[in-house]
Protein chains: 2
Amino acid sequence: MDLTETQDLPFDVFSKGCPSRGTLEHVTGRWGGLTLGALYEGSFRFNELRRRVDGVSEKMLSQTLHALERDGLVHREAQPTNPPRVDYELTPLGREVAQRLLALIHFMEGRMGEVLAARERYDEARGSR
Amino acid sequence: MDLTETQDLPFDVFSKGCPSRGTLEHVTGRWGGLTLGALYEGSFRFNELRRRVDGVSEKMLSQTLHALERDGLVHREAQPTNPPRVDYELTPLGREVAQRLLALIHFMEGRMGEVLAARERYDEARGSR
DNA sequence: CGGCATCCGCAAGGATACTG
DNA sequence: CAGTATCCTTGCGGATGCCG
């Protein structure tokens with residue numbers, strides 16, 4: 001698999017107006033990525049997700065889920081019971097996206113030692129400025 | 001490779017205070033991802049990069065490059081000539097990160113048809129509201 | 001050419017209150 | 001529980017000007 005090759009696809013994320021850039025931002029955005037990652041482990045209710053994605057506000061989680069649902073990456077299953085119960089899960093497409101995203105996340109987590117070391121070298125070289 | 005498994009690493013991006021979340025945001029941020037993607041194709045000068053990453057401002061590109069350099073993902077090679085010449089390229093670590101990021105990007109680009117279709121279904125179902 | 005310093009508008013996003 | 005609505009602050013990010 002040659003990742004170097006610039007494929008001749010109709011959607012090029014490097015072009016300003018391309019809709020793929022918007023979707024990429026939903027996926028890699030501040031909360032989008034963490035939400036997809038959390039949902040990769042299973043189906044969760046709204047407040048369960050909130051606890052899993054540490055730091056997300058109610059508003060942002062709601063907004064993020066709507067965007068991902070609209071892009072066809074997340075499925076929303078609502079039961080009209082009382083009290084209401086709503087479950088979120090990944091669609092097949094969402095699973096494939098999340099898998100690739102987690103590959104990146106786990107890789108980063110595993111190399112944080114190198115990253116932190118690089119930072120120290122950088123900060124030391126430029127001291128305080 | 002089981003991506004489901006929650007590894008017992010010292011760095012967990014799902015926790016609020018973890019430094020890995022910051023680095024992930026540099027990588028997946030609005031311009032970070034596109035910059036890494038562009039640099040995957042080779043070494044480039046500042047203004048070459050600006051042209052490749054369509055829409056990025058001078059300030060944001062500069063800021064992005066600094067963050068990535070500090071995290072040890074990008075190497076900056078400056079020649080003290082006149083006029084100055086500065087080349088940017090990925091470090092080995094940066095290459096591995098970019099590769100995983102591009103896997104995600106190219107996958108998304110290839111599935112944009114499905115995404116766009118899902119959006120239409122979503123918007124139609126909820127019509128105007 | 002390759003930047004940094006500054007100003008500033010605006011939208012992302014947090015806190016809170018309220019609804020079904 | 002599962003959200004929506006509203007207010008308000010922060011800081012992202014664009015524009016401009018200047019420097020080595």
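Quick note on labels: first sequence line is chain A, next is B, and so on, each numbered from 1. We use all heavy atoms of the structure for the numbers below, so side chains are in, but hydrogens, waters and symmetry mates are not.
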A/R30 vs B/P84, nearer the 5' end of DNA chain C by closest nucleotide: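 That would be B/P84.
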Quick check for you: among [options], whose closest atom lies nearest to any side-chain atom of [X]?
{"X": "B/S62", "options": "D/dG3, D/dT6, C/dG3", "result": "C/dG3"}
{"X": "B/E58", "options": "D/dG17, C/dA15, C/dA17", "result": "D/dG17"}
{"X": "B/K59", "options": "C/dG14, D/dT4, C/dC7", "result": "C/dC7"}
{"X": "B/P83", "options": "C/dC1, C/dG13, D/dG3", "result": "C/dC1"}
{"X": "B/M60", "options": "D/dA2, D/dG14, C/dG2", "result": "D/dG14"}

Indicate whether OP1 or OP2 belonging to [N] is found under 4.0 Å from a side-chain N or O atom of [X].
{"X": "A/R45", "N": "D/dA2", "answer": "yes"}
{"X": "B/R76", "N": "C/dG3", "answer": "yes"}
{"X": "B/H66", "N": "C/dG3", "answer": "no"}
{"X": "A/Y88", "N": "D/dC1", "answer": "no"}

In whole angstroms, how far is the [atom2] atom of [N] from the [atom1] atom of [X]?
{"X": "B/N82", "N": "C/dG3", "atom1": "CG", "atom2": "P", "result": "14 Å"}
{"X": "B/Q63", "N": "C/dA5", "atom1": "CD", "atom2": "P", "result": "12 Å"}
{"X": "A/D87", "N": "D/dG3", "atom1": "CG", "atom2": "C1'", "result": "15 Å"}
{"X": "B/L65", "N": "C/dC4", "atom1": "CG", "atom2": "C1'", "result": "14 Å"}
{"X": "A/R50", "N": "D/dT4", "atom1": "CZ", "atom2": "P", "result": "13 Å"}
{"X": "B/Q79", "N": "C/dG2", "atom1": "CD", "atom2": "C1'", "result": "13 Å"}
{"X": "A/H26", "N": "C/dG13", "atom1": "NE2", "atom2": "C1'", "result": "15 Å"}
{"X": "B/L61", "N": "C/dG3", "atom1": "CG", "atom2": "P", "result": "9 Å"}

Electrostatic pair A/E48:A/R45 at N-O distance under 4.0 angstrom: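 No, A/E48 and A/R45 are not salt-bridged.
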Note: B/R85-B/D87 ion pair, threshold 4.0 Å (strictly below):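 Salt bridge flag = yes for B/D87 with B/R85.
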B/R95 to B/Y40 six-membered ring, cation-pi geometry met (6.0 Å, 45°):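 Yes, B/R95 sits over the ring of B/Y40.
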Test: B/R126 cationic atom under 6.0 Å from B/Y122 six-membered ring centre, within 45° of axis: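 Verdict for B/Y122: a cation-pi partner in B/R126.
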Pair A/R119, B/T23: side-chain N/O donor-acceptor within cut-off below 3.5 Å: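 Note: A/R119 and B/T23 side chains meet the donor-acceptor criterion.
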